[in-house]
Structures are given as C-alpha cells and as structure tokens.
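Heads up, the thing below is written out as structure tokens.
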Amino acid sequence: LQKFVLSKMKAQMNPLCLKEVFPISTLHVAGSTKDNLYDDDDSESGTGWISWFCDLEGHEFFVEVDEEYIRDNFNLHGLREKITYFNEAMQMILDTESPDSEDLNDQNFLETYQSAMDLYGLIHARFILSPRGLALMKEKFLLGSFGYCPRVLCERQNVLPIGVSEELSTSRVKVYCPRCQDVYIPR
C-alpha cells in the first residue's frame with residue numbers, strides 16, 4: 001500500500017510543492033452502523049488508547065486513526081488471520097481509557113498489547129491511504145514531524161515515513177526524502 005503512495009508521489013511530485021500530492025479533503029471513509037461489530041456509544045475522540053499509543057516516544061510516525069474507520073469491518077478485511085489476539089486487541093484499541101501502571105505490569109495485558117500494536121500498525125497503514133489519512137500525514141509532513149533529510153544539499157527537506165514490507169516485523173520503518181529521492185534509516 002505504501003509503495004502505491006510512493007509511486008504516486010514520484011509521478012506527480014515537485015519536491016518543493018506537495019499540494020497536488022496530498023490534497024486536503026473532508027471526505028471520510030467509514031461504513032454504515034450495521035456493518036460495525038465494534039460499536040460503542042461511549043467512544044470519545046482524542047482520549048483513550050489510540051491517543052496514548054500515538055503519544056508514546058518513538059511513535060511519531062503514527063497519526064490517530066479515526067474510530068469509525070477502525071470499527072468498519074471492510075477496513076479490517078484479512079487482518080483477523082494475522083493477529084493472535086484479534087478481539088482482545090480490538091477492544092484494547094477502542095478502549096476509552098489509557099493503560100495505567102498496573103496494566104503495564106500485567107503479563108496478560110502485555111501479550112494483548114503486542115497484538116494491539118501490530119493490529120493498529122496494520123490498520124494505520126491502510127488508513128493513511130484514505131483521504132482523511134493523507135490529510136493528517138500531509139499536516140505532519142509540513143510541520144516536519146517526521147524529521148529532515150540528513151543530506152546537506154537537501155537543505156533540511158522534510159521526509160516521509162515509508163514501510164518497505166507489508167509483513168509484520170520484517171523491516172524497520174524508513175524515511176523518504178522527496179528532494180534527493182533516497183531512503184534513510186530514521187534517527
């Protein structure tokens with residue numbers, strides 16, 4: 001999926017102007033309520049596990065995926081087979097409360113947390129290809145949240161995170177510089 005975004009960028013990109021590559025759109029991709037198995041009327045945006053997870057150190061490349069997107073079964077197609085504790089991980093991701101220190105010392109919680117991290121990463125990879133996800137990534141890119149190119153000739157060009165594999169735990173996230181069109185390991 002991220003290869004598609006990268007090829008789209010290379011085909012359309014002027015390194016100094018990314019307005020055409022990441023158009024801001026108010027479109028929202030979400031299913032109807034009857035397609036949602038994970039409906040919960042208590043959900044609030046900006047709180048809970050998703051916000052907590054995205055605010056952790058080292059998670060700067062993540063954006064907060066809309067809960068409606070996560071709840072839409074269409075967006076979860078094929079992920080159940082890849083995640084060990086899928087249902088528990090889904091409940092953890094959609095939890096409106098962030099974990100406390102007691103949770104972080106519980107072995108069962110940590111096993112579910114690993115599955116939730118993997119599941120959220122896979123959902124995130126799909127979400128950032130949606131119009132809303134692209135807009136959020138554009139905003140972080142323009143703010144320089146992903147870092148800068150290490151090459152001096154690129155004059156601190158903002159970089160984009162890329163995944164070189166769709167398989168879990170096969171490769172680290174890298175960053176792509178649109179100016180020199182090279183890929184680097186982030187610092």
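The structure presented is a predicted model; accordingly, all values stated were derived computationally and were not measured.
- Contact annotation: the side chain of C54 never approaches that of H59 to less than 4.5 Å [non-hydrogen atoms, C-beta and beyond].
- Hydrophobic clustering (side-chain heavy atoms under 4.5 Å, transitive across Ile, Leu, Val, Met, Phe, Trp, Tyr) keeps Y85 apart from L94.
- The cluster map of Ile, Leu, Val, Met, Phe, Trp and Tyr, joined by side-chain heavy atoms under 4.5 Å apart, puts Y148 and V183 in different clusters.
- For residues 142-156, the pairs satisfying salt bridge (Lys or Arg N to Asp or Glu O under 4.0 Å) are E155-R179, with sequence neighbours left out.
- By the 4.0 Å N-to-carboxylate-O rule, K82 lies too far from D118 to be salt-bridged with it.
- In the hydrophobic cluster analysis, where Ile, Leu, Val, Met, Phe, Trp and Tyr join through side-chain heavy atoms closer than 4.5 angstrom, L56 is grouped together with W49.
- Among residues at least two apart or in separate chains, there is no salt bridge (Lys or Arg N to Asp or Glu O under 4.0 Å) pair with a member in residues 49-59.
- Between the H124 side chain and the V63 main chain, a donor and an acceptor come within less than 3.5 Å of each other.
- Note on L104 and Y120: same hydrophobic cluster, where clusters join Ile, Leu, Val, Met, Phe, Trp and Tyr whose side-chain heavy atoms are under 4.5 Å apart, directly or indirectly.
- The side chain to side chain contact (heavy atoms under 4.5 Å, CB included) test with E88 is passed by exactly one of I83, T112, N108: T112.
- Annotation: side chain of I70 is in contact with side chain of M90 (closest heavy-atom distance under 4.5 Å).
- At least one donor-acceptor pair under 3.5 Å links the side chain of N105 to the backbone N or O of S101.
- Taking the six-membered ring for Trp and thresholds of 30 and 60 degrees, Y113 and F109 have nearly parallel ring planes, at less than 30 degrees apart.
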